[in-house]
Amino acid sequence: ANDQRKIIYQQRDDILKVDDVTGALDMMREQVFSDLVDTHIPPQSFPEQWDIEGLETILRDEFQVDIDLKAMYESDESLTGEEIYKAALAESERLYNEKQALVDPVQFRRFEKSILLEVLDTQWKEHLAAMDYLRQGIQLRAYAQRRPEQEYKRESFERFEAMMEQIHYKTVRFLSNIQSRVEPETETAIRHEDEEYRANPEALEEIPENIHVGRNDPCPCGSGKRYKECHGKL
C-alpha cells in the first residue's frame, strides 16, 4: 500500500509541476488504442477471429472515432492489426487537434491538466476503498489453505495495474468527447460590456482564480450582480 501511494503521489507531483501534459496524454492515447486493438484483434490471430464490428462500436461510442474498419479490410485483406491501430490513432489525433485549434492553447493545456488530475484522484480514492474491502475479507483466504499475505499482495498489485489502466482510459475518453466551440461576439454584446464597464469599472476587473463561487452567489468583484451575470458570464 505504501509503495502504491508513493507512486501515485509522485505522479501527481509530476503533473502539478508542469504546465503542459501533452506528452503524457499522447502516450496514454497510444496505450489505450493499442490495448483496444489487441483486445478485438488479438496478435497472431486469424481474420475470422477478429471482432472488427466491436472495435468500430467502442471507437465510435467511447472516443468519437468513426471509421469504417470493415470497409478497410474488405478493400485490403492483407490489412494487419497494427495498420488498424495506426488508422484509429491517427483519426483520434486529427479530431483532437481540430478541437484544440478552436480555443486558446494555454487555457486548453490547463483544462487537460485539470482533467488528468481529477481522474487520477477519483480512481485513487476508488482504489483505496477497494483495498479496504480486500483487507477486510483477506483473512477468509486462510480457510481455503491459502496464505493471506501473499494473496493480498497479488490482488493489490493486480488492482493497482487495473486502476492505472482506468486512469488512462477514462482520461482519454473524457478528452475525446469534449466539444470545443467559439461563441461569436456580436456588436450588441460588445457594446453592452463596454457600457457596463464605463458605469462600473470595478465590475470587470480580474478576481482571484482560487475563489470558488456558486453561479447564483454575489460576484466577488463587488459589482453587486450574481456571479453568473458578471464574471461567470465572461
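We count residues from 1, following the sequence as given.
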From CZ (R159) to CG (L128), nearest 0.5 Å: 12.0 Å
Polar side chain donor-acceptor pair, E56 to H40, under 3.5 angstrom: no
CG-CG distance between L59 and L69, expressed to the nearest 0.5 angstrom: 6.5 Å
Between CG on residue D61 and CZ on residue R173, distance to nearest 0.5 Å: 11.5 Å
Any donor-acceptor pair under 3.5 Å from S156 side chain to K153 backbone: yes
Donor-acceptor contact present, side-chain S45 to main-chain I41, <3.5 Å: no
E161 (side chain) donor-acceptor with E158 (main chain) under 3.5 angstrom: no
Reference residue R109; test side-chain contact (heavy atoms from CB on, under 4.5 Å); the match among V21, D104, D20: D20
Sole residue of Q11, K17, Q10 in side chain to side chain donor-acceptor pair (under 3.5 Å) with D14: Q10
D19 atom CG: more than 12 heavy-atom contacts under 6.0 Å: no
Step-by-step side chain to side chain contact (heavy atoms under 4.5 Å, CB included) determination, W50 to I84: CA-CA 12 Å; W50 294 2; I84 290 176; 4.2 Å; yes
Inter-residue atom distance H127.NE2 - M131.CE, 0.5 Å rounding: 4.5 Å
salt_bridge(R12, D121) N-O dist < 4.0 Å: yes
Whether T171 side chain and I167 backbone form a donor-acceptor pair below 3.5 Å: yes
No-hydrogen, no-angle side-chain donor-acceptor test under 3.5 Å, Y169 and E62: yes
Test: K86 and E83 ion pair at under 4.0 Å: no
Reported CD-to-CD distance for the pair Q100 and E93, which is rounded to 0.5 angstrom: 10.5 Å
CD (E48) with more than 12 external heavy atoms under 6.0 Å: yes
E126 CD: over 12 foreign heavy atoms closer than 6.0 Å: yes
Distance, nearest 0.5 Å, that separates NZ of K170 from CD of E165: 12.5 Å
Ring geometry between F63 and F33 (parallel below 30°, tilted from 30 to 60°, perpendicular above 60°): tilted
No-hydrogen, no-angle side-chain donor-acceptor test under 3.5 Å, N97 and R94: no
Side chain S176, main chain V172, donor-acceptor under 3.5 Å: yes
Parallel, tilted or perpendicular, as decided by the 30° and 60° cut-offs, for the rings of F174 and F111: tilted
